[in-house]
Structures are given as structure tokens and as C-alpha cells.
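To start, the structure itself, in C-alpha cells.
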Amino acid sequence: MRTVRLTEETRKDLLTQLLKRSPDSYQGYEERVAAILKNVKENRDAAIFAYTKQFDGVEINAATVRVTKAEIEEAYDKIDPALVDVMRRSIANIRSYHEKQRRYSWFDSTENGTMLGQKVTPIDTVGVYVPGGSAVLASSVLMNIVPAKVAGVGRIIMTTPPGKDGKVPATSLVAACEAGADEVYKVGGAQAIAALAYGTESIPKVDKIVGPGNIYVALAKKAVFGSVGIDSIAGPSEILVLADETANAHYVAADLLSQAEHDPLASAILVTTSESLAGKVSEEIEGYLKELSRADIIRKSLDNYGYILLANSMQDAIDAANAIASEHLEIVTANAFEVMMKIKNAGAIFIGEHSSEPLGDYYAGPDHILPTNGTAKFFSPLSVDDFIKKSSIIYYSREALEPVKDDIIAFANAESLTAHANSIRVRFE
């Protein structure tokens with residue numbers, strides 16, 4: 001990893017470099033994605049079957065696109081029962097955490113005849129996208145579906161690319177069943193997003209699409225927003241470790257590599273006030289790379305977007321962390337909770353040397369679908385709030401309306417909206 005002295009100029013250069021990873025920087029893909037969306041919208045099943053053959057090398061049709069009960073049973077037979085038990089314990093933690101996020105309808109009435117309130121309603125139908133690729137992320141299945149179940153979503157439809165055998169990976173399928181998916185379809189990529197957004201003969205249209213994916217999925221979600229809701233537009237994974245001289249270099253290096261192994265576009269950054277720690281972490285990384293199975297991916301990630309930033313003070317380090325607004329932020333300092341209180345921008349914050357990022361990925365309970373590419377400045381982790389909608393409730397009696405009618409009429413007239421004013425006036429003629 002390159003080591004850079006943190007200054008205002010190097011921080012700006014780093015932010016510019018990291019933004020190259022954003023889906024907004026891949027305009028060259030947009031035409032291809034738009035063509036896929038248009039084709040699926042017009043040709044429906046025929047288009048998704050053709051794309052699945054083209055991109056995944058798998059023949060599917062109306063009879064095979066949906067996962068069957070027999071395929072689910074077969075998946076359970078392939079999975080170690082001990083892993084199923086692990087999933088169930090993870091689900092219990094995820095459910096417990098998200099149950100605390102539940103929103104409830106409320107109403108507030110007054111003696112003069114008004115009632116105002118907010119009605120909370122679960123979204124009817126949600127589409128969950130689960131990526132395929134070199135790593136089968138069954139944990140993402142749980143993190144998408146469990147909050148939707150807690151929110152009370154009526155119908156949860158999952159899509160994911162099939163493997164070369166034409167089947168959904170067993171771990172993903174078991175995770176979907178355990179978490180509570182109602183239907184699973186063997187479709188991936190931008191074509192899956194199009195199918196969920198517009199509907200086909202086999203795949204129903206949904207109200208909202210959630211879940212991460214590759215650049216095609218991210219751009220497709222961006223394009224269909226408005227036809228359906230989306231959670232956010234996710235970019236490649238990232239981690240920032242904020243550390244001082246008290247941190248354990250062996251642990252810090254391991255945590256940085258835990259995200260670098262995702263993708264050559266993943267980002268791993270150490271911000272530290274300690275030159276000694278910086279040197280030790282670099283040495284530890286080289287040692288790990290001799291052992292880890294995805295070392296080639298990790299090296300590309302570190303070469304592209306791996307940094308050690310040397311800060312002159314802890315406040316400078318904190319300012320850099322807030323500017324970068326990382327998806328995952330680990331704080332490994334002597335006063336970690338004090339530092340945490342100064343963090344404004346991060347998807348998930350891990351405090352202390354034993355709270356490593358994979359704890360959040362798999363088990364602790366908070367969602368691991370997180371804002372990336374600096375969007376933690378205005379986006380939040382996936383939560384129960386993503387699966388509900390709120391309606392305002394307004395009731396006024398005639399007696400309550402009468403003393404305020406002139407105010408409303410005056411406001412409407414000031415905007416030259418005379419029909420608005422008339423709607424109030426006629427009730428008192």
C-alpha cells in the first residue's frame with residue numbers, strides 16, 4: 001500500500017481518485033444498460049431468457065425460471081446443517097436489531113376538532129437483488145430480506161443469477177428460504193432489475209428494488225428509479241481504519257484486506273497518527289498476501305485504491321474520515337468512543353480492536369447493505385424504514401376550519417391559486 005502524508009491537497013486528490021469508483025463515472029455502460037432495459041420492457045420473458053443464455057450461459061424458460069420446492073429441498077441436502085444453524089442465529093440477531101427500528105402510526109387530536117397523524121404502511125411487493133459472481137454472498141440475502149419481513153412487506157421476490165448448472169447456489173437458496181423470501185427467480189444483471197421494475201409474464205412488477213450488484217445493476221437501478229423505488233446505488237466495497245499507536249498492526253492489516261478481497265475496485269484505507277504503525281501494517285499485509293486465497297484480487301485493489309494516510313493529529317485524521325465518508329469505519333484508538341462521537345459520516349462504525357468488519361457482515365445484527373462512495377454523507381444503511389411508507393392524516397371539523405379559513409384563502413390568493421381559495425370559501429357561503 002502507498003503511504004501518503006495527509007494534507008489538504010492529498011486529501012482532495014484522494015477523494016477525486018475514490019470518486020472514479022462511483023457508478024456515476026461509468027457513462028460508457030449507460031447505453032448498454034438502457035438497451036437491456038428497453039428490450040426487457042418490450043419483449044419481457046423472451047428478453048430475460050435470451051440475456052440469461054448470453055451472459056450466464058444457461059437456458060431457462062417459463063417453466064424453469066422460478067425456483068421450485070424440489071430445488072429448495074435439494075439445496076438443504078447440499079448444505080451442512082451446522083451452517084444452517086449459523087444462519088438461523090445470524091437471522092435472530094438481524095431480526096432483533098431491526099425490530100427496534102419499527103415505526104408506528106400516530107394520531108394527535110385537539111379539543112377544537114382537529115386530528116393530525118401519520119399512517120405507516122408496509123410496501124406491498126419488494127424485489128431483492130442478490131449478486132452472483134466469484135463469491136456467493138448468502139449473508140446479503142439475509143440482510144436484504146429480514147428487515148423487509150420485520151417491516152411487514154407482503155411479498156418478497158428475490159432474483160439472482162443462476163450458476164452454470166442452471167441453479168441458484170445452495171447457500172443463497174437456503175438463506176432465502178430461512179429469511180422468508182416468497183419467490184426466487186434465476187435472473188441476474190440489468191435484465192433482472194428491468195424484470196422487477198416493469199414485470200414480465202413470469203416475474204411480477206414490484207414496488208421497490210433493494211440490494212447491491214455490479215455496475216450494470218447499479219446503473220439499471222438508477223435508470224428505473226421513478227418507475228419503482230430503490231434503496232440506493234451501491235458502488236464497490238470500502239473500509240477505512242482510523243488508528244493510533246495503540247492499535248494492533250496484525251489486526252489492522254487483516255481488517256483492511258477483508259474488504260480488499262471483494263473486488264479490484266474495492267478501497268482499503270488506513271488513517272493513522274503513527275508512522276510506526278503504518279510501517280508495521282505494510283509489513284503485515286505482505287505477510288498475509290502470501291497466505292490468502294484471493295491474493296490476486298487483493299493486490300489489484302491495494303494497487304488501485306489502497307492507501308495509508310499519515311495524519312499530523314487525531315483531529316486531522318477524524319476530518320479525513322468524515323471527508324471520505326467510508327462504507328465501513330473501524331476506530332482503533334486509545335479513546336475509541338470519544339473519537340466515535342466526532343464521526344459524522346460513515347455507513348457503519350466499528351469500535352475497538354475486537355469489533356472487526358466481518359462481525360457486521362455476518363452476525364452482529366445491523367444491516368451490511370451500506371452507503372458507499374461518500375454517500376454516507378446523505379444515505380443511511382438499509383433498514384426497516386426502506387420497506388415502509390408514511391401517509392399524512394388530516395381531519396378538521398367545520399368548527400376547527402372556520403377560524404383559520406381566512407388565512408388559507410389569503411395564502412392561496414397570494415399565489416394566484418384562486419381555485420384553492422374557492423375550495424375553502426364555498427364551505428362558508
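Within 6.0 Å of the CZ atom in Phe225, the count of heavy atoms belonging to other residues, nucleotides or ligands does not exceed 12. Heavy-atom neighbours of Tyr362 OH from other residues, nucleotides or ligands within 6.0 Å: at or below the threshold of 12. When the shell of 6.0 Å around NZ of Lys53 is examined, it contains 12 or fewer heavy atoms from other residues, nucleotides or ligands. Other residues, nucleotides and ligands contribute only 12 or fewer heavy atoms inside 6.0 Å of the CZ atom of Phe411.
Considering only heavy atoms from C-beta on, Thr333 comes within 4.5 Å of Met314 through its side chain.
Note that OG1 of Thr52 and CD of Gln191 are 5.5 Å apart. Values are rounded to the nearest 0.5 Å.
Geometrically, Arg44 does not engage Tyr198 in a cation-pi contact defined by less than 6.0 Å to the ring centre and at most 45° from the axis.
Thr68 meets the side-chain hydrogen bond (donor to acceptor under 3.5 Å, both in side chains) test with Glu71; sequence neighbours excluded.
Under the 3.5 Å distance criterion, with hydrogens and angles disregarded, a donor-acceptor pair is assigned to the side chains of Gln259 and Glu357. Checked by atom type, the side-chain pair Ser237/Glu327 shows a donor-acceptor distance below 3.5 Å.
Shown are Thr3, Thr10, Leu270, Leu6; of these, the side chain to side chain contact (heavy atoms under 4.5 Å, CB included) with Leu310 is made only by Thr3. Among the candidates Arg102, Lys390, Arg103, the single residue satisfying the side chain to side chain donor-acceptor pair (under 3.5 Å) test with Asp385 is Arg103.
A salt bridge between Lys208 and Asp231 is absent, with no side-chain N of the basic residue lying under 4.0 Å from a carboxylate O of the acidic one.
In terms of heavy atoms, Phe387 sits closest to Ala151 at CB-CB, 3.5 Å. Residue Ala247 comes nearest to Val252 through the heavy atom pair CB-CG2, 4.0 Å, listed as atom of the first residue, atom of the second, then distance.
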